[in-house]
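Remember, it's 1-based here, ligands and their atoms both numbered in the order they're listed. Just so you know, residue 1 is the first one in the sequence shown, and it goes up from there.
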Amino acid sequence: MPNPIYVLSGPNLNLLGVREPHIYGHDTLEDIRVRCETRAAGLGFEVVFRQSNHEGELIDWVQEAREAASALVINPAGYGHTSVALLDALKALKQPIVECHLSNPAAREDFRRSTYVSLAATGLVSGFGALSYELAVEAAAGMVRAAKTV
Ligand code: CA2
């Protein structure tokens with residue numbers, strides 16, 4: 001079994017399914033965890049699925065992923081738009097990084113149009129609700145598999 005795919009979620013995403021379902025959908029983060037694990041298992045991967053409201057904790061997990069992950073999926077939430085420190089941590093990763101958003105931030109307020117995370121990401125999946133996470137896991141697994149066959 002390859003190293004797990006780390007799936008990290010940033011601040012306020014613990015409230016999913018409880019508030020603002022018109023923007024972020026009805027799935028809870030627990031629902032999304034199950035969907036990611038199921039999709040990953042079908043592709044021969046395990047998932048480490050975590051959420052934090054704290055920038056430093058997310059950075060610690062990105063650093064942990066340097067040693068322990070085969071790829072990283074991250075929904076940085078609000079920190080994507082603000083955190084140079086998170087970008088610096090991501091830049092130290094050699095593994096594929098898939099940035100993931102439930103909504104399509106490019107179609108929302110101007111300040112959401114770009115993220116620092118995009119500067120380090122291999123690719124981006126956004127706008128598909130909970131399915132964005134599943135597609136991001138699939139993309140991450142595909143990148144890992146492709147790297148192994150080259
Ligand atoms: O669309 C996404 O996944 C976002 O990363 C969500 C962030 C937002 O700042 C980004 O621009 C796009 C906000 C996460 C807030 O999550 C909540 C969930 C339920 C209720 C309230 C907030």
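Taking every non-hydrogen atom of G78 and a distance limit under 4.0 Å, the qualifying atoms of ligand 1 come out as 9 (O). Applying the 4.0 Å criterion to heavy atoms of N12 picks out, from ligand 1, the atoms 15 (C), 16 (O), 17 (C), 18 (C). Numbered from 1 in the order shown, with element, the atoms of ligand 1 that lie under 4.0 Å from a heavy atom of L15 read 19 (C), 20 (C). Within ligand 1, the atoms closer than 4.0 Å to a non-hydrogen atom of H81 are 10 (C), 11 (O), numbered from 1 in the order shown.
What sits closest to atom 14 (C) of ligand 1 on the protein, heavy atoms only, is L13 CD2, 3.8 Å. With hydrogens left out, the protein atom closest to atom 21 (C) of ligand 1 is E20 OE2, 3.6 Å, a heavy atom. In terms of protein heavy atoms, atom 3 (O) of ligand 1 is closest to L102 N, 2.7 Å. The nearest protein atom to atom 8 (C) of ligand 1, hydrogens excluded, is given as R112 NH1, 3.2 Å; this is a heavy-atom distance. Summary of contacts: the protein heavy atom closest to atom 13 (C) of ligand 1 is Y24 OH, 3.3 Å. The single protein non-hydrogen atom nearest to atom 20 (C) of ligand 1 is R19 O, 3.3 Å, given as residue, atom name and distance. In terms of protein heavy atoms, atom 1 (O) of ligand 1 is closest to S103 OG, 2.5 Å.
A tilted orientation is assigned to the rings of Y133 and F49, their planes being inclined by 30° to 60°.
For the atom pair CE of M1 and OG of S70, the computed distance is 10.5 Å after rounding to the nearest 0.5 Å. Atom NZ of K94 is separated from atom CG of L72 by 14.0 Å, given to the nearest 0.5 angstrom. The CZ atom of R113 lies 11.5 Å from the CZ atom of R108; values are rounded to the nearest 0.5 Å.
Heavy atoms of H101 found under 4.0 angstrom from ligand 1 belong to the backbone as well as the side chain. The proximity of N75 to ligand 1, defined as any non-hydrogen pair under 4.0 Å, is limited to the side chain.
Scanning both residues, L93 and V62, for their nearest heavy atoms gives CD1-O, 3.3 Å.
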Side chain to side chain contact (heavy atoms under 4.5 Å, CB included) for L86 and I59? Distances and angles first, verdict last. CA-CA 6 Å; L86 184 58; I59 290 167; 4.1 Å; yes
Show your working on side chain to side chain contact (heavy atoms under 4.5 Å, CB included) between L13 and N75 and close with a plain yes or no. CA-CA 9 Å; L13 288 165; N75 182 350; 3.5 Å; yes
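In this structure the side chain of Y6 never reaches within 4.5 angstrom of the side chain of V73, judged on heavy atoms. Annotation: side chain of R39 is not in contact with side chain of V47 (no heavy-atom distance under 4.5 Å).
On a distance-only criterion, L16 and ligand 1 share no N/O pair closer than 3.5 Å.
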